[in-house]
Amino acid sequence: MTELSQDNQPENSKAATLARVQLEEGWKAALADALTSESMTALRQFLVEQKKQELTIYPPNNLIFNAFNTTPLNQVKVVILGQDPYHGARQANGLSFSVQRSIPIPPSLRNILHELSTDTGIKPVGHGDLTAWAQQGVLLLNSVMTVVEGTPTSHQGRGWEEFTDQVIDVVNDNTEHTVFILWGAYAQKKGKRIDSERHLVLTAAHPSPLAANRGGFFGSRPFSKANQYLVQYGKQPIDWQLG
């Protein structure tokens, strides 16, 4: 997002604000109103204050918008929606459910990779970096895009939800035949914004151990269903193999 080290001077214009946003140009244009809204201004100031308190925020500032910069708007085929970033040291890399390659695979992601294996036959690899998916058009979006170290959900209700609502609207309105994968009740609330006549919406239980083991996640086969839909509409399927 905009630099957290910015001063507190009033913003002179929408253009000046957007000029400071380090975001892929297609997304920047489509999200211009959201990026310059009062809600985002308040969120930006909140993050500045958090930094002043010497709190550690994940993901690092340069990776907050990693999902958008890795998956340009005009390349989006699939959206996988998470809740908020991992809050452990060095885990979050700005892609939902993904972790840095050197970090042990968290339980939710381990369940995702298990479902991938049973669904497609792809064997899990020894890391949880999902960048390869993002580079093929899988938007790995968290509803809340920052978190304080060791404090899950600490940045909920600060404005990220409104921003990511706008992201869902942009994808809904500006793409065709996109697959939305919504795991758990939190993600599924955003499903109300999606036109299911134009897009495929796949829902299942959350992959966290507590939810997944209750049933509804394992066996949901989102990866093969997504690819079947993409092929049906003449799109290149996702290679779900992680290198």
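Because the structure is predicted, anything quoted here is derived from the model rather than measured.
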In the structure I gave you, are the side-chain heavy atoms of K235 and N227 within less than 4.5 Å of one another anywhere? no
Applying salt bridge (Lys or Arg N to Asp or Glu O under 4.0 Å), name anything that partners E176, two or more places apart in sequence or on another chain. R198
Side chains of E161 and V144, heavy atoms from C-beta outward: is any pair under 4.5 Å? yes
Salt bridge K225-D119, side-chain N to carboxylate O under 4.0 Å: no
Whether S117 side chain and L113 backbone form a donor-acceptor pair below 3.5 Å: no
One pair to check against side-chain contact (heavy atoms from CB on, under 4.5 Å): L242 and H127. What are the steps and the verdict? CA-CA 9 Å; L242 295 170; H127 68 84; 4.2 Å; yes
What's the shortest heavy-atom distance between F217 and N111, and which atoms? CE2-O, 3.5 Å
Do S143 and Q83 make a side-chain contact, defined as non-hydrogen atoms from C-beta onward lying under 4.5 Å apart? no
For Q45 and E49, what are the C-alpha separation, side-chain angles and deciding distance, and is it a side chain to side chain donor-acceptor pair (under 3.5 Å)? CA-CA 6 Å; Q45 185 60 39; E49 294 299 324; 2.9 Å; yes
Please identify each residue that fulfils ring pair (Phe, Tyr, Trp, His ring centres under 6.0 Å) with Y233, with sequence neighbours left out. H177, Y229
Step-by-step side chain to side chain donor-acceptor pair (under 3.5 Å) determination, T178 to K77: CA-CA 5 Å; T178 296; K77 298 178 183 178; over 6 Å; no
Counting distance only, does the side-chain N/O of T56 pair as donor-acceptor with the main-chain N or O of E149 below 3.5 Å? no
Heavy-atom nearest pair, Q188 first then A204, reads NE2-O, 2.9 Å
Can you confirm whether W133 sits close enough to D239 that some side-chain heavy atom of one is under 4.5 Å from a side-chain heavy atom of the other? no
Stepwise side-chain contact (heavy atoms from CB on, under 4.5 Å) test for I168 and K192: CA-CA 10 Å; I168 295 296; K192 299 175 182 178; over 6 Å; no
Shortest non-hydrogen contact from E115 toward S220: OE2-N, 3.3 Å
Within the supplied structure, the quantity of interest is the number of heavy atoms (other residues, nucleotides, ligands) at a distance under 6.0 Å from R193 CZ; does it exceed 12? yes
Does L63 reach the side chain of Y58, with side-chain heavy atoms less than 4.5 Å apart? no
Q75 vs Q136, side-chain contact (heavy atoms from CB on, under 4.5 Å): CA-CA, chis, key distance, verdict: CA-CA 8 Å; Q75 296 179 21; Q136 297 179 73; over 6 Å; no
More than 12 heavy atoms of other groups within 6.0 Å of E38 CD: no
Is there a donor-acceptor contact under 3.5 Å from the side chain of T71 to the main chain of A134? yes
Drop me the distance from L43's CG to R158's CZ, to the nearest 0.5 angstrom. 9.5 Å
Taking C-beta and beyond as the side chain, do L23 and L35 meet within less than 4.5 Å on heavy atoms? yes
If Ile, Leu, Val, Met, Phe, Trp and Tyr residues are connected whenever their side-chain heavy atoms lie under 4.5 Å apart, and connections chain through other members, are L139 and L202 in the same group? no
Partner of V170 under side-chain contact (heavy atoms from CB on, under 4.5 Å), chosen from V167, N174, N172: N174
Could you tell me if the ring centre of W160 sits under 6.0 Å from that of F46? no
May I ask whether W27 and V79 are part of the same hydrophobic cluster, defined by side-chain heavy atoms of I, L, V, M, F, W, Y residues being less than 4.5 angstrom apart, directly or through others? yes
Are L200 and F180 joined in one hydrophobic group, where the rule is that I, L, V, M, F, W and Y side chains link up if heavy atoms are under 4.5 Å apart? no
Rounded to the nearest 0.5 Å, the CD1 atom of I103 sits from the CG atom of L109 at a distance of 12.5 Å
F68 vs F163 aromatic rings, parallel, tilted or perpendicular, using cut-offs 30° and 60°? perpendicular
Can you name the closest pair of heavy atoms from S108 and H206 and give their distance? OG-CE1, 3.9 Å
Quick one: do H114 and F218 satisfy ring pair (Phe, Tyr, Trp, His ring centres under 6.0 Å)? Show the steps, please. CA-CA 8 Å; H114 177 78; F218 295 121; 5.5 Å; yes
Within-4.5 Å side-chain heavy-atom neighbours: K190 and L182: no
Heavy-atom side-chain proximity of H155 to I57 below 4.5 angstrom: yes
Provide the closest heavy-atom pair for A205 versus G215 in the form atom of the first, atom of the second, distance. CB-O, 3.6 Å
As a quick check of understanding, evaluate side chain to side chain donor-acceptor pair (under 3.5 Å) for S96 and N142, giving each step before the final call. CA-CA 5 Å; S96 63; N142 278 316; 4.7 Å; no
Closest contact, heavy atoms only, S39 versus G159: OG-CA, 3.7 Å
Pair Y86, V99 - check side-chain contact (heavy atoms from CB on, under 4.5 Å), show working. CA-CA 8 Å; Y86 296 116; V99 292; 3.3 Å; yes
Are I238 and V179 grouped together when hydrophobic residues (ILVMFWY) are joined by side-chain heavy atoms under 4.5 angstrom apart? yes
Hydrophobic cluster membership, F65 vs V76, 4.5 Å side-chain cutoff: yes
